[in-house]
Protein chains: 2
Amino acid sequence: MVNDMRRLNRTAVLTELMRIRPASRKQLAAASGISAATVTRAVEQLIAEGVVVEASELVSEQRGRRAVLLDLVADRAFVVGIDVGASNTRILLADLVGTPIERRELATPVEADAAGLAAWLASAARDIAGDRWDHVAGLYLGLPGAVGRDGSTISNAPNLPQVEEPGFHDLVRAHADRPVRADNDANLALLGEQHFGAARNAPTAVMVTIGTGLGAGIAIDGRILRGAHGVIGEFGQLPAGPLGTRLELMVTGPGILRLAAEAGVRLDSPADLFATDAAEPVRALRAHFDQAMLIVLTAATVSCEPEVIVLGGGIAKSLARDLGRYETVLEHHLGAAPRLTASELGDFAGATGAIVAALHEVYRGIGIDERAFGDLPVAAEAEAR
Amino acid sequence: MVNDMRRLNRTAVLTELMRIRPASRKQLAAASGISAATVTRAVEQLIAEGVVVEASELVSEQRGRRAVLLDLVADRAFVVGIDVGASNTRILLADLVGTPIERRELATPVEADAAGLAAWLASAARDIAGDRWDHVAGLYLGLPGAVGRDGSTISNAPNLPQVEEPGFHDLVRAHADRPVRADNDANLALLGEQHFGAARNAPTAVMVTIGTGLGAGIAIDGRILRGAHGVIGEFGQLPAGPLGTRLELMVTGPGILRLAAEAGVRLDSPADLFATDAAEPVRALRAHFDQAMLIVLTAATVSCEPEVIVLGGGIAKSLARDLGRYETVLEHHLGAAPRLTASELGDFAGATGAIVAALHEVYRGIGIDERAFGDLPVAAEAEAR
DNA sequence: GACTTTGGTTGCGTACTGAAATCAAAATGG
DNA sequence: CCATTTTGATTTCAGTACGCAACCAAAGTC
């Protein structure tokens, strides 16, 4: 316990530096409430550890000595975020402060078995990192399935069954020779949108992804909700409509096509459902879709009262102009409604979130207070890229 | 920052003492990882503050000096929890460690205006406290409406509109001359069940209360979810059934009677719906009810994957023997299901939760780590009463 | 070039901790 | 019945880290 004070102050200074990056010693002292002397000593230690450097001096028109700006050593560590989709895999490489450096989009080798997929993922990560590989601190995978709290056991991934193989996680880790963690892709997409996208400054938010399936991530006070069995966000399992059909079968791409076929309506693609000049039978289908969507949105709203609900996935793109209408109905039903908005990061939301999650692991490792993760404005940085 | 170490250790010792109450200095040192010397000094301070006392010595058959057991000064402070229902008001008085001392059940003066109700509540609190009133640290109100995060602004309380009056909270505080806080009654009922009832040891839990209305409280990792507008847990707003009726109108007492009347079935009371020897038309109604219940339960499950869902309120009493069936269906739909169980605290769940919430305020005041509130086994104590 | 202003560092007294020695209070056993 | 053992609590003491304040450093101002 005797060393605690020192560690506490180190953490406080480092955390504050992340928040107001870059910053001078004086700023850090003021922001953290720690005396200037102690900040000097803490910074000294952080510099010795190689976590922090003295960057350029602050140029100002004031008189007096110029403040020395401190910053994290951005290239001290890199992280790889991989969103492994059922058809495409998106990969991002970012540095310690979240600046994206490389992005790739590859076809997922769906025919490969668990071992093959694991090897492919590891080599893709090595590939995107190039000669920075030595500094890659870890990989984070977004997977289309339920991932246990530990970030390694995977279940219920019908669209990519390989990853359910018990040894899959270990295989990736062995091939990459790096720490590997995983999470549900919807969770990561939300995390991405919260830091870099449509849910900025919304610690409590929901992201609903509608494509070939329906998934949702829920974040409360900046923390992603994770359950033991991955049923969180499975709003698609709610029954809806006259026949009690599962919502999932009504709002997803395949579901729309199937319902249309059953109703004797011909749709070339799910997007046709949202055409403004649609014919009457399509309109009726559309009404059913809207009803189903409202159930999803209502369920999401009453489950945590998010500040914003982000809609992602293929179907969501067609919904942009209906969000205002949905909002109005929600407001009318519930008395209060979250802001509805389309995903800003699109296909790369998951990979971006994987980067964020990976960075959080790194930050944990260098001793940043976990409770501050929500405040870290990595966003501003990456936006400016 | 220089005083931090001392306060930190004081907090750690006090928190540990709450967990393993009563305990010797040595136990506290071992449990908290703080050196015995420091524990001695911290305890010295706590005793001087009047927060802790040396209780009886630990009698053991070992040789050696006997450990002096320390305990909180239970009668240092009392709290009053009041569950203000639309018809009945339940009041509890408890001491600092959560031992219930008095309980009352009174008819709510529904005709009174805001000022009258406030005065009545304050005098009821004074009354139950008796000569302990001087030591009452605060009041906590459970209200049938949406309560803002601050615990004072109240809205959307159709069944007890007086409490929506802007000055209501201040009036109670003025009459009681004590800190007063409020929360939604469903939230408090859940808090009560988590500490003393059916959701013991379930930091993530949902409580659904079905009576004249439908309300739900959600707790995640020991923290009650609170929204700005009180729509959290409003699962009753979900549409269900062929006509898209709001669930609230299908599973609550009045709703059941109305639906029965519409279907031309005569029910004397909502409970008749659950008779095992019911006639065919009643059975059909019952099937609709079950469907609606399953939507509520599914929505609750996918919103946070609770370990347990507690069912409370009048209707829930009739459901006891169906919980297993519901569980099976949930499990089948979602692959995993929470435990379903009936409320253990019954009508007093809300008041009990108010006590817990009030105690948390007191604990915060004497410097116990908020993150430990979930671990405080106030439960064991009160059970033994 | 002295002065002012601002940022960072160093010296010093204070406060608090943990390890170990010591004191306290019980049972044991010859 | 008293020395011994055992266990719990306290005190002593050395060490660490803090904040304050004095001091150094580096810039602009007059």
Side-chain angles (χ1 to χ4, degrees), chain A residues 1-17 20-49 51-71 367 369, chain B residues 1-17 20-49 51-71 367 369:
Chain A
M1 205 80 183
V2 74
N3 247 348
D4 263 24
M5 209 71 233
R6 188 124 206 192
R7 241 201 33 237
L8 241 53
N9 284 327
R10 196 198 92 113
T11 298
V13 168
L14 190 53
T15 304
E16 216 54 57
L17 177 58
I20 47 173
R21 201 164 56 76
S24 71
R25 291 168 175 81
K26 190 164 198 191
Q27 284 177 284
L28 293 175
S32 64
I34 297 170
S35 77
T38 303
V39 169
T40 288
R41 288 184 283 249
V43 166
E44 188 180 29
Q45 187 190 340
L46 287 167
I47 290 177
E49 288 174 20
V51 176
V52 163
V53 278
E54 295 194 338
S56 60
E57 286 185 344
L58 179 69
V59 189
S60 82
E61 285 311 303
Q62 290 181 320
R63 62 162 82 180
R65 181 175 174 177
R66 282 176 185 159
V68 180
L69 289 184
L70 301 163
D71 206 344
D369 194 331
Chain B
M1 204 77 182
V2 73
N3 244 349
D4 262 24
M5 208 73 235
R6 189 127 205 191
R7 243 203 32 236
L8 240 54
N9 284 327
R10 197 199 91 114
T11 298
V13 167
L14 190 54
T15 304
E16 215 54 58
L17 177 58
I20 49 172
R21 202 165 54 78
S24 71
R25 290 169 174 80
K26 190 166 198 190
Q27 283 176 284
L28 292 175
S32 64
I34 296 170
S35 75
T38 303
V39 169
T40 288
R41 288 184 285 247
V43 166
E44 188 180 30
Q45 187 190 340
L46 288 167
I47 290 178
E49 289 175 17
V51 176
V52 164
V53 279
E54 297 195 339
S56 60
E57 287 186 343
L58 179 69
V59 189
S60 82
E61 284 311 303
Q62 290 181 319
R63 62 160 84 182
R65 180 176 175 175
R66 282 177 185 157
V68 180
L69 288 183
L70 301 163
D71 206 343
D369 194 333

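Below, chain A is the first sequence line, B the second, and so on; all start at residue 1. All values below were derived from every heavy atom in this structure, side-chain atoms included, with hydrogens, water molecules and symmetry-related copies excluded. What you see is a predicted model; the values in this text were computed from it and never measured.
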query = How many angstroms lie between CG in B:Asn9 and CG in B:Asp4, if you round to the nearest 0.5 Å?
reply = 10.5 Å
query = Which residues pass the side chain to side chain contact (heavy atoms under 4.5 Å, CB included) test with B:Glu49, sequence neighbours left out?
reply = B:Arg10, B:Gln45, B:Leu46, B:Val51
Side-chain N,O (A:Arg63) to OP1/OP2 (C:dC3) below 4.0 Å = no
message = With rounding to the nearest 0.5 angstrom, report the CD1 to CG distance, B:Ile20 to B:Leu28.
response = 5.5 Å
request  = Would you mind building the protein contact string for nucleotides 20-25 of chain D? One character per nucleotide, 5' to 3', B for base within reach (heavy atoms under 4.0 Å), S for sugar-phosphate only, - for untouched.
outcome  = B----B
key: d(CZ, A:Arg6; C1', D:dG15) in whole Å   = 13 Å
Reported OG1-to-CE distance for the pair A:Thr38 and A:Met5, which is rounded to 0.5 angstrom = 8.5 Å
key: Shortest side-chain distance from A:Ala67, nucleotide among D:dG28, D:dG19, C:dG7   = C:dG7
task = Taking only the side-chain nitrogens and oxygens of B:Arg66, find out if one of them lies under 4.0 Å from OP1 or OP2 of C:dA27.
result = yes
note = A:Lys26 has its side chain closest, among D:dA9, D:dT6, C:dG8, to C:dG8
Length of the line joining A:Gln45:CD and D:dT16:P, which is rounded to integer Å = 14 Å
message = Without decimals, in angstroms, what is the distance between A:Met5 CE and C:dG18 C1'?
response = 16 Å
message = Measure CG/A:Leu8 against P/D:dG19 and give the value in whole Å, please.
response = 11 Å
request  = Could you check how far CD of B:Glu54 sits from C1' of D:dA9, rounded to whole Å?
outcome  = 10 Å
request  = Enumerate the residue pairs fulfilling salt bridge (charged side-chain N to carboxylate O under 4.0 Å, His left out) with a member in residues 33-42 of chain A, sequence neighbours excluded, ordered by first and then second residue.
outcome  = none
task = I would like to know whether B:Arg25 and B:Glu44 meet side chain to side chain contact (heavy atoms under 4.5 Å, CB included); could you show each step before the answer?
result = CA-CA 10 Å; B:Arg25 290 169 174 80; B:Glu44 188 180 30; over 6 Å; no
task = Ignoring backbone atoms, test whether B:Arg25 places a side-chain nitrogen or oxygen under 4.0 Å from the OP1 or OP2 oxygen of D:dT10.
result = yes
key: Presence of A:Asn9 side-chain N/O under 4.0 Å of D:dA17 phosphate oxygens OP1/OP2   = no
inquiry  = Using whole Å, what does the distance between atom C1' of nucleotide C:dT17 and atom CG of B:Asp4 come to?
reply    = 14 Å
ask   = Choosing from D:dA9, C:dT5, C:dG18, which nucleotide comes nearest the side chain of B:Thr38?
value = C:dG18
remark   = Note: for B:Ser24 and A:Ala36 on DNA chain D, the residue whose nearest nucleotide lies more 5' is B:Ser24
ask   = Roughly how many Å is it from CZ in A:Arg10 to C1' in D:dC18, rounded to a whole number?
value = 18 Å
ask   = From B:Ser32 OG over to B:Leu14 CG, what is the distance, rounded to the nearest 0.5 angstrom?
value = 11.5 Å
key: Interatomic distance, B:Glu44 CD vs C:dT17 P [rounded to whole Å]   = 12 Å
